[in-house]
Amino acid sequence: MPQASPRGTYLQVSESVRQQIESGAPGDALPSEAALMRSHSVSRNTIRRALKVLEADGVVESAPGIGWRVARGGDRRSLAERMTDLITEDSLSVGDPYPSEAKLCERFGASRTAVRRVLAQMEGNGLLATVQGKGRTVRALPTPTVRP
């Protein structure tokens with residue numbers, strides 16, 4: 001992992017693991033935490049934080065007695081991608097209200113913490129704006145991305 005990254009190391013590890021498992025079949029067990037620590041040259045805490053991010057995004061799940069494995073079925077896009085795509089899917093325009101945190105948690109089955117993290121990211125990217133007393137509104141439309 002690069003030193004002094006402006007992005008959290010655990011987020012880089014989570015993206016690396018996400019890319020590694022995208023081609024795997026649902027239910028496939030992930031390498032042990034110790035193996036992930038060695039392959040990424042990071043601490044156990046960093047690996048656990050990365051796995052928690054992937055769990056919140058619905059990509060992996062903890063299986064008692066087995067360890068971590070690829071989540072069964074469902075949408076494998078990250079929570080950030082799904083929440084960004086929501087603007088297009090719901091035909092929202094600039095100035096339209098964006099769904100509340102509670103509705104996003106319910107819709108995506110994610111924790112409030114994970115939803116708030118993505119909302120902050122979307123605000124930082126200029127997609128959303130917070131209007132005091134009114135919630136979040138769409139500030140800009142996302143640019144289409146093509147995934148391999």
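Nothing fancy with the numbering, it's 1 onward along the sequence. The figures that follow rest on heavy atoms only: side chains count, while hydrogens, waters and symmetry mates do not. All of these numbers come straight from a predicted model, not from anything done at the bench.
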Can you tell me how far [atom2] of [Y] sits from [atom1] of [X], rounded to the nearest 0.5 angstrom?
X	Y	atom1	atom2	value
Met122	Leu128	CE	CG	4.0 Å
Ser14	Lys52	OG	NZ	14.0 Å
Ile47	Trp68	CD1	CH2	11.5 Å
Ile87	Leu92	CD1	CG	6.5 Å
Glu33	Ser43	CD	OG	10.5 Å
Leu86	Leu127	CG	CG	11.5 Å

- Task: Using a strict 4.0 Å threshold on nitrogen-to-oxygen distance, state whether Lys103 and Glu106 make a salt bridge.
- Result: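 No, this pair does not count.
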- State plainly whether the residues Arg136 and Glu101 are in salt-bridge range, i.e. N to O under 4.0 Å.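 Looking at Glu101 together with Arg136, the answer is yes, because their closest N to O distance falls below 4.0 Å.
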So, do [X] and [Y] sit near enough that their side-chain heavy atoms are less than 4.5 Å apart?
X	Y	answer
Arg69	Leu30	no
Leu119	Met83	yes
Val17	Leu36	yes
Val59	Val70	no

- Message: Asp96 vs Arg139, test: salt bridge (Lys or Arg N to Asp or Glu O under 4.0 Å). Steps then yes/no.
- Response: CA-CA 8 Å; Asp96 287 348; Arg139 184 175 174 193; over 6 Å; no
Which atom names give the shortest non-hydrogen contact between [X] and [Y], and what distance separates them?
X	Y	value
Pro31	Ala35	CB-CB, 3.9 Å
Gly126	Ala140	O-CB, 3.5 Å
Ser16	His40	OG-CE1, 3.0 Å
Ser93	Leu141	CA-CD2, 4.3 Å
Cys105	Arg112	SG-CA, 3.5 Å

- So, the side chain of Thr46 versus the backbone of Val42: is there a donor-acceptor pair under 3.5 Å, distance only?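 Not at all, since once roles are kept as given, no pair shorter than 3.5 Å links the two residues.
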- Query: Within the distance-only criterion (no hydrogens, no angle test), does the side chain of Thr84 pair as donor or acceptor with the backbone N or O of Glu81 below 3.5 angstrom?
  - Reply: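 Judged by distance alone, no pair lies under 3.5 Å.
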- Query: Can you list the residues that meet the side chain to side chain contact (heavy atoms under 4.5 Å, CB included) rule with Arg49, with sequence neighbours excluded?
  - Reply: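 With sequence neighbours excluded, Arg49 shows a side chain to side chain contact (heavy atoms under 4.5 Å, CB included) to Tyr10, Asn45, given in chain and number order.
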- Message: Quick check on Arg117: does its CZ atom have over 12 non-hydrogen neighbours (other residues, nucleotides or ligands) under 6.0 Å away?
- Response: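 Counting neighbours around CZ of Arg117, more than 12 heavy atoms of other residues, nucleotides or ligands fall under 6.0 Å, so yes.
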- Please check if any side-chain donor atom of Ser62 sits under 3.5 Å from a side-chain acceptor atom of Glu55, or the reverse.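 No, no side-chain donor-acceptor contact under 3.5 Å.
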